[in-house]
Structure formats: C-alpha cells, structure tokens
6 protein chains.
Amino acid sequence: MAKKKDELSLITDTPEEGFEVAVQLARKGVTTTQPDKDVLFMLRDVYSKDPDALIASSHVIAVHYQTVAEANNYWRE
Amino acid sequence: MAKKKDELSLITDTPEEGFEVAVQLARKGVTTTQPDKDVLFMLRDVYSKDPDALIASSHVIAVHYQTVAEANNYWRE
Amino acid sequence: MAKKKDELSLITDTPEEGFEVAVQLARKGVTTTQPDKDVLFMLRDVYSKDPDALIASSHVIAVHYQTVAEANNYWRE
Amino acid sequence: MAKKKDELSLITDTPEEGFEVAVQLARKGVTTTQPDKDVLFMLRDVYSKDPDALIASSHVIAVHYQTVAEANNYWRE
Amino acid sequence: MAKKKDELSLITDTPEEGFEVAVQLARKGVTTTQPDKDVLFMLRDVYSKDPDALIASSHVIAVHYQTVAEANNYWRE
Amino acid sequence: MAKKKDELSLITDTPEEGFEVAVQLARKGVTTTQPDKDVLFMLRDVYSKDPDALIASSHVIAVHYQTVAEANNYWRE
C-alpha cells in the first residue's frame, strides 16, 4: 500500500494502526483551528492534566475510529 | 468533477480534501447560527485559546468527516 | 419532488439544501423543548455570542446532516 | 400500522412523526434515570430556559432521529 | 431466545426491551469506571437532580440504542 | 481466534467481551493523550467520583461499542 509521505490515508493493516490514524485525525482537527504551535503546546500541557479534557479527547478519537474501522471493513480478515 | 465555485460537494479526490470539507461544514454550522463576521472573529480569538473549545471543534469536524468519508466510500481505491 | 408546504422531508436536490434541512431539524429540537418564542429569542441572543454554545449548535447540525446526507445517498450523482 | 396504545415503535408514516418518536425516546431516557414526576417538572422548568441544556436536548433528539430515520429507510418513497 | 441469566445480548423481541438493554449498557459503562456501589448510589442521588447530567445520561442511552436497534434490524417485522 | 498477546482486535466471541474491548479503547484514547501513569492514577481518582466525568466516560465507551458491535455483526448468531 505505497503512499506518499504525509499523505493521509484511512486504510491500515491492523486495528492498532487504525487507532493511530484516529488519533492523528483528532489532532488535525485541533491544529486546523489553532495552527500556532506555541499556543498548542501550552494548551496541551493544561488539558493533559484535566480529566474532562482527556475524556473529551478520547471521545473525538472514538468518533474518528468509527470512520477508520468502517473504512477497513473492521479488519475482519 | 467540475462544479460551480462555492457549490458544496461531499465528493472529493482524497481523504485530505475530504477533511477540508468536514472543516468547512463545521464552520458553516457556526456561521449559520451567528452570521455576524465581527462577532465571529472575536469569538474565534477566544475559543482558539480555550482547550475545551478546541476539542469540541475537533469533535464537530470528526462527525462531519464520518459523513464525508462515507460519501466517498472511504477513498478505498 | 412536490410536497406540501411546511411538510418535513429529508430528501433534497443538493448538499447545500440538505444542510438547511439539518439546521431546521436542530432548531426543531430546541423549539420542541421550549416552544415559547419570546424565551427562544432571548436565549438565542445569549448563545449566539457564546463560543461553546455555537460549537454545540454546530455539533447538533452535524448529527442531523449525517442523517440527511445518508437519506440522499450523499447526492452521489 | 395498528399497534397497541403506548407500545413503542420506530416505524412511522412520515419524517414528522418520526421526529416525534425521537423526542419521545429522548424523554424516555431522562425519565428512566429520574422517574419522579415532580422533580422532572421542576428540572424541566430550569433547563427549558438554559440555552446549553436546550442545545443538549436537541442533540439527544438528533441521535435518536438517526435511528428512527434509518429504521424507516429515510421515508424515501 | 433462550440465554443464560445475566448474559448480555443485544437481540430483543421489541423496541421497548431494546431500550432497556440500552439503559443497561449505559449503566454498565458507569459501573465499569466506578465499581464501588456506595459511591455510585451517592453520585446517582446527585446527578438524578441535575438537568445537565440527566440529559447527558439520556444521550448515552441514545448512542447505545442506535447499536441495539441496528442489531435487531429495527424490529422491522 | 488465536492472536498475539496485547494485539488489538475488534472481533470477540460475545457481546460481553466486546464491551471490554470498548472499555479498553476508551482508556487507550486517554492514555494516548496523557501517557504518564502517575498523573493518570491521580486523575482517575478524581473523575471516578465526579458524576459528569463518569457519564462522559460511559459515553465514550458507547461510541466504541458501536464500532465493536458492528465489527462483530452484532453477534447475531
């Protein structure tokens, strides 16, 4: 499954790799709204210690994981 | 896939372009409720520095990305 | 696609019109819970300046847009 | 489509009736957790004037409407 | 549809029974995170009088109901 | 269904085991954002006594359970 570096793809070999794509998509959603790296690093320091923000992040990953899992036909075989 | 300028379409060539459509749809949901550009710019300045709002924005993008990805049959080939 | 005025339909000609239906459905969910127009106008004035409420509104529209897009087979052709 | 009174059914004749079922399901989720009618009426008085709660209610209805719409094959014909 | 007592199953005879499974699943998600029954009872006393928590609970039930309804092919016949 | 230890799989034998995978995925979403075990344990102590956080956690599990249930064709037979 050759692809150009940095090119986004929903198709992965395993459920584990699919999860990484979901995480990547969740972060992409954040960086699209706030592209400033310095601000992002500061904010991440804050929300990574806030239970509510951690659960909310996990939620966004879950939504993207639905998409990625469906794209891969749930890695059924 | 010729289309008129500014015409909304869910069909894109790549997962990356599909993500841009999801972002566009999330913003469209906001501008529909608050069409005043000045208010929007002021609000964006606030929420782009608020971790909770950033995660919530990423969540809305994720929901739209499900729609766009499904529309494109997950760009499977 | 003739239909009686004010009759709710999920089927639209374009993705753009489908988005309007999603917005309409999101509002219908609010007016069902709070039918008093005066209260609604007052509340709208408040939440249209609240970033969190705007993002939450955009989220509800996104959920309905999934439904409308699926109903229209994503306007694939 | 004869059915016993009070019997829950996801199948409806129109998108409008389907929306009513979605509202009914959202309320059923609340009354299941808080069955006391007096408490519920008091709470409804509070949240029907709270923009955030109204939008959150509309969100729950939207999720159920996805289910009802799918059950009815989106009332496509 | 014989099954062992306490065995989780998504398949039910009616939409009403399916709703009960959705409620059961929502609670299971809570007890998995906080297994202490005393703490749970205390918390339930709090959130059953909090409109926001009631709506959030109804939301979780709605998500599970999507799953259960799909599992039962929406009890279409 | 032999698989390597620790290897993530969405396919399970029963709805009950599927629920455990959903819980595992929800936690994985949290640990991905905050990998420090000490911080996580401290935060878990806080949010396991917070009704809102418990309901939010149950919500994330519900989203993943949709994915897992679909992957297993709802354990229909």
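Naming: A, B, ... by sequence-line order, numbering from 1 per chain. The basis for the numbers below is simple: all heavy atoms, side chains too, and nothing from hydrogens, waters or symmetry mates.
- Residues E:Y47 and F:L54 have side chains not in contact (no heavy-atom distance under 4.5 Å, counting atoms from C-beta outward).
- With rounding to the nearest 0.5 angstrom, the NE2 atom of E:H59 is 12.0 Å from the CD1 atom of F:I55.
- Distance check, rounded to the nearest 0.5 Å: OH of F:Y65 to OG1 of E:T67 gives 8.0 Å.
- Side-chain N or O atoms of F:S58 include one that pairs as donor or acceptor with a backbone N or O of E:A26 at under 3.5 Å.
- Interatomic distance, CG of F:N72 versus CG of E:L10, reported as 10.0 Å (0.5 Å rounding).
- Once rounded to the nearest 0.5 Å, the distance linking CD of F:E16 with CG of E:L8 reads 5.5 Å.
- Heavy-atom pairs under 4.5 Å with chain E peak, among F:S57, F:A56, F:A62, F:P15, at F:A62.
- For the atom pair F:D52 CG and E:D50 CG, the distance stands at 6.0 Å (nearest 0.5 Å).
- The closest side-chain heavy-atom distance from F:V23 to E:K28 is not below 4.5 Å.
- Counting heavy atoms from C-beta outward, E:Q34 and F:K49 have side chains that approach closer than 4.5 Å.
- Heavy atoms closer than 4.5 Å to chain F are found in the side chain of E:V39, but not in its backbone.
- In this structure, CD1 on E:I11 lies 10.0 Å from OH on F:Y74, to the nearest 0.5 angstrom.
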